[in-house]
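What follows is a single structure, written as structure tokens, with notes after it.
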Amino acid sequence: MKAATGRGVVGFPTVSARWQAGGVTEIDAKTDALVPAWLTVPDIAEMLGVEVTRVRQLIKEGQLIAVRRGENRALHIPAAFIDEDKVVKGLVGTLTLLRDDGFTAEEMLEWLFTPDPSLPGTPAQALTENRGTEVKRRAQALAV
């Protein structure tokens with residue numbers, strides 16, 4: 001796993017006033033600091049056994065959230081989104097629910113990586129522990 005500094009989110013076909021040309025926007029330092037570990041797109045491609053272009057497609061389709069980080073502003077994805085050789089079970093559905101609730105990519109990252117005492121842990125941790133149903137219930141409740 002590689003950690004880096006820098007900011008910017010890409011992906012998600014939602015439209016927001018914060019989006020800039022090319023699907024890149026800045027995230028705040030608080031949200032950036034919530035995510036404990038990041039992987040690059042080539043790292044994810046290797047782990048999933050796919051081409052880099054397929055990972056970029058997953059980002060474009062909103063199945064993953066990517067952030068521009070580091071001096072060279074390379075794309076990074078939260079490591080918690082990958083479980084060995086696949087996308088974490090329940091992540092795509094959770095991202096869809098959050099997007100449908102009107103969340104921006106930055107807000108999704110903040111929600112996924114902010115501790116929730118009722119889970120316990122973060123929603124991202126609960127997804128990696130195969131507790132996706134609990135996470136989706138909480139995401140659905142946000143719309144009410």
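Remember, it's a predicted structure, so these values are computed and weren't measured experimentally.
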Original post:
Can Glu134 and Arg131 be counted as an ion pair, charged N to O under 4.0 angstrom?
Top reply: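 Result for this pair is yes, salt bridge flagged.
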**OP:** In plain terms, say whether Lys30 and Glu110 are close enough for a salt bridge, that is, a side-chain N and a carboxylate O under 4.0 Å apart.
**Re:** yes
Original post:
Linking I/L/V/M/F/W/Y whenever their side-chain heavy atoms sit closer than 4.5 Å, directly or via other members, would Leu58 and Leu97 fall into one cluster?
Top reply: no
Looking at [X] and [Y], what are the two nearest heavy atoms and their distance?
{"X": "Phe113", "Y": "Ala124", "answer": "CE2-CB, 3.6 Å"}
{"X": "Ile59", "Y": "Ala66", "answer": "CD1-CB, 3.6 Å"}
{"X": "Leu98", "Y": "Met108", "answer": "CB-CG, 3.7 Å"}
{"X": "Ala80", "Y": "Val88", "answer": "O-CG2, 3.1 Å"}

Approximate separation, where rounding is to 0.5 Å, of [X] [atom1] and [Y] [atom2]:
{"X": "Thr104", "Y": "Arg99", "atom1": "OG1", "atom2": "CZ", "result": "12.0 Å"}
{"X": "Leu64", "Y": "Ile82", "atom1": "CG", "atom2": "CD1", "result": "5.5 Å"}
{"X": "Ile44", "Y": "Arg56", "atom1": "CD1", "atom2": "CZ", "result": "12.0 Å"}
{"X": "Arg137", "Y": "Leu119", "atom1": "CZ", "atom2": "CG", "result": "11.5 Å"}
{"X": "Glu107", "Y": "Asp101", "atom1": "CD", "atom2": "CG", "result": "10.5 Å"}
{"X": "Leu95", "Y": "Phe103", "atom1": "CG", "atom2": "CZ", "result": "11.5 Å"}

Are any non-hydrogen side-chain atoms of [X] and [Y] less than 4.5 angstrom apart?
{"X": "Val67", "Y": "Leu109", "answer": "yes"}
{"X": "Asp116", "Y": "Arg138", "answer": "yes"}
{"X": "Thr40", "Y": "Ile77", "answer": "no"}

Original post:
What's the verdict on side-chain contact (heavy atoms from CB on, under 4.5 Å) for Trp111 and Leu34, showing C-alpha distance, side-chain angles and the deciding distance?
Top reply: CA-CA 10 Å; Trp111 186 80; Leu34 286 173; over 6 Å; no
Subject >> Partner of Phe81 under side-chain contact (heavy atoms from CB on, under 4.5 Å), chosen from Leu127, Leu112, Thr128 >> reply: Leu112
Subject >> Crowding at CD, Gln57 (>12 non-hydrogen neighbours, <6.0 Å) >> reply: yes
Subject >> Donor-acceptor pair, side chain of Asn72 and main chain of Ala74, under 3.5 angstrom >> reply: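 It does hold such a pair.
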**OP:** Classify the side-chain pair Gln125/Glu129 by whether it contains a donor and acceptor separated by less than 3.5 Å.
**Re:** no
Subject >> Pairs touching residues 84-94 that satisfy side-chain hydrogen bond (donor to acceptor under 3.5 Å, both in side chains), sequence neighbours left out >> reply: Asp83-Lys86
